[in-house]
Protein chains: 2
Amino acid sequence: METPTSTWQTPARRAQAEAKRAAILDAAEELFVASGYELTSVDAIAARAKVSKRTVYDHFGDKQSLFWAVLGRVDEILLATIRTAVAAELTDGRDLREALLAFVQRLTTDVLPSSTYANFRHLVSRTSTAPKDPNRSTEAPEQVLEERFAQLAAAGELTFTDRRRAVQHFFVLTMSLLLDAIDQSPDGTVDPAEARAIITDGVDAFLRAYR
Amino acid sequence: METPTSTWQTPARRAQAEAKRAAILDAAEELFVASGYELTSVDAIAARAKVSKRTVYDHFGDKQSLFWAVLGRVDEILLATIRTAVAAELTDGRDLREALLAFVQRLTTDVLPSSTYANFRHLVSRTSTAPKDPNRSTEAPEQVLEERFAQLAAAGELTFTDRRRAVQHFFVLTMSLLLDAIDQSPDGTVDPAEARAIITDGVDAFLRAYR
DNA sequence: TACACACTACACCGTGCAGTGTAGTTTTGC
DNA sequence: GCAAAACTACACTGCACGGTGTAGTGTGTA
């Protein structure tokens, strides 16, 4: 058959194929996150997805393409999550500190627990072992926040000269430290109290620097 | 022979052995940093060190131990560099902003260009593919800065409740962003002007938050 | 009924790599 | 000169893994 995704089939067949495809992506994501690109074998992915190895190759061609497909899905989810969180928490008129705290809290509970993005940041950014995707925008998430920060600055709630830098600082003061805390601990979980402390300290430091 | 490091030999022999050992560590460091743990073969390390593969195994036993040895050396150098930089730049009576700028600048020029620590941070922290060393203190560098920050707080130059957190924030606002910038760029180098901008922005933000 | 699609099971190939065994060479200390 | 240390060259094992080829199975669809 080769590339079942190319032509247009009857809905029933198509649905089955999509289900398998999703299962493979799920399994691949878990294993890549857990063990990294090199140490994750296609056989293991197939086994976890309860799918024959051949099906994996029929769907994705090779290991690299599968990895990129996983990455693409993760990027999508992440971007959607950030957009939602911005829209839901960073609302006008709300106390800025409360808004930012809620925003980060929401991001962590929505994205990190599935551990989706947490370790992928490390996997991708510089595992150096993972193959680099030629076409992908690592900028998107930041830009969403940048726009909102610009509005906040216009409203006098924040003060900065370089909005890009301000967003960078916000991210490292909150998300980066949370990610660090996560993969510092052996089991990959962080004490919720510690997490809250990191978040509040980060937000407060940010506000002292940029209010 | 097996493990030439165990018994005590005559100086000449020992010196030769040490030279080889150092050459192996150098080669291993370069290759691990460049390609990651998995993708670096022991054969490649031996070739680069201009040493027979057998010698590598005679010295280090296996690939993991070699990796840990490299890590240990990097840790030592890093710690010494930080101590020196603290002593040299974070002196009493100096304008705090100038001192912190010089401190970060010195760290980057002393540690990053050799790229020693830059990518190793990524290799170790969560490559997940790299083997974990059971006994190593990832805390040391931070603690050096913590002590100095505590003194600065006592002198009224800084204000914070949690000195550990303050140091974390300082690191992410400066070094983390520099490392990010480095491995964001394909060739592993950063425009010096951009680097300076990152440093000054980071230090200024830190001072706004903690002065 | 018959076809095509998605999939499985499984054998198979090539390769790269960690690690070993060994015989031989150079150097050093006595 | 001799013995041992340090090292080289090289062959070799074992294995895991990426990827392919193929024969066969079940199932919606025409």
Quick one: B/Leu66 CG to C/dC17 P, roughly how many Å, whole number?
-> 15 Å

Write down the distance between CD (B/Gln16) and P (D/dA5), rounded to a whole number of angstrom.
-> 15 Å

Kindly say whether B/Leu31 contributes a backbone atom to a donor-acceptor pair with the side chain of B/Thr40 at under 3.5 angstrom?
-> yes

No-hydrogen, no-angle side-chain donor-acceptor test under 3.5 Å, A/Asp62 and A/Ser65 = yes

Any idea which of D/dA6, D/dT8, C/dC7 is nearest the B/Ala17 side chain?
-> D/dA6

Distance, rounded to the nearest Å, where A/Glu18 contributes CD and C/dC5 contributes C1' = 14 Å

Length of the line joining B/Ile45:CD1 and C/dC17:C1', which is rounded to integer Å | 12 Å

A/Ile24 CD1 to C/dC7 C1', straight-line distance once rounded to whole Å = 10 Å

CA sep, side-chain torsions, deciding dist, call: A/Leu178, A/Val104, side-chain contact (heavy atoms from CB on, under 4.5 Å) | CA-CA 10 Å; A/Leu178 277 169; A/Val104 178; 4.2 Å; yes

Would you check if the side chain of B/Thr200 reaches a backbone N or O of B/Ala197 as a donor-acceptor pair within less than 3.5 Å?
-> yes

Nearest-Å distance, CZ (A/Arg54) to P (D/dT20)?
-> 7 Å

Under-4.0 Å side-chain N/O to phosphate OP1/OP2 contact, B/His59 with D/dA6 | no

Give me the distances for all protein-to-nucleotides 13-18 of chain D N/O pairs that come in under 3.5 Å?
unit_1 : atom_1 : unit_2  : atom_2 : d
D/dG18 : OP1    : A/Thr40 : O      : 3.4
D/dG18 : OP1    : A/Lys63 : NZ     : 2.7
D/dG18 : OP2    : A/Val42 : N      : 2.9

Distance, rounded to the nearest Å, where B/Asp58 contributes CG and C/dA18 contributes P = 16 Å

Sequence-distant partners of B/Phe170, ring pair (Phe, Tyr, Trp, His ring centres under 6.0 Å), two or more places apart | B/Phe149, B/Phe206

Are OP1 or OP2 of C/dT8 and a side-chain N or O of A/Thr55 less than 4.0 angstrom apart?
-> yes

Looking only at side-chain N and O atoms, does A/Lys50 come under 4.0 Å of OP1 or OP2 in C/dT8?
-> no

Identify all side-chain donor-acceptor contacts of residues 83-90 of chain A below 3.5 Å with residues at least two apart in sequence or on another chain.
unit_1  : atom_1 : unit_2   : atom_2 : d
A/Thr84 : OG1    : A/Ala80  : O      : 2.8
A/Glu89 : OE1    : A/Arg94  : NH1    : 2.8
A/Glu89 : OE2    : A/Arg106 : NH1    : 2.9

Describe, in one word, how the ring planes of A/His169 and A/Tyr210 are oriented to each other, choosing from parallel (under 30°), tilted (30 to 60°) and perpendicular (over 60°).
-> tilted

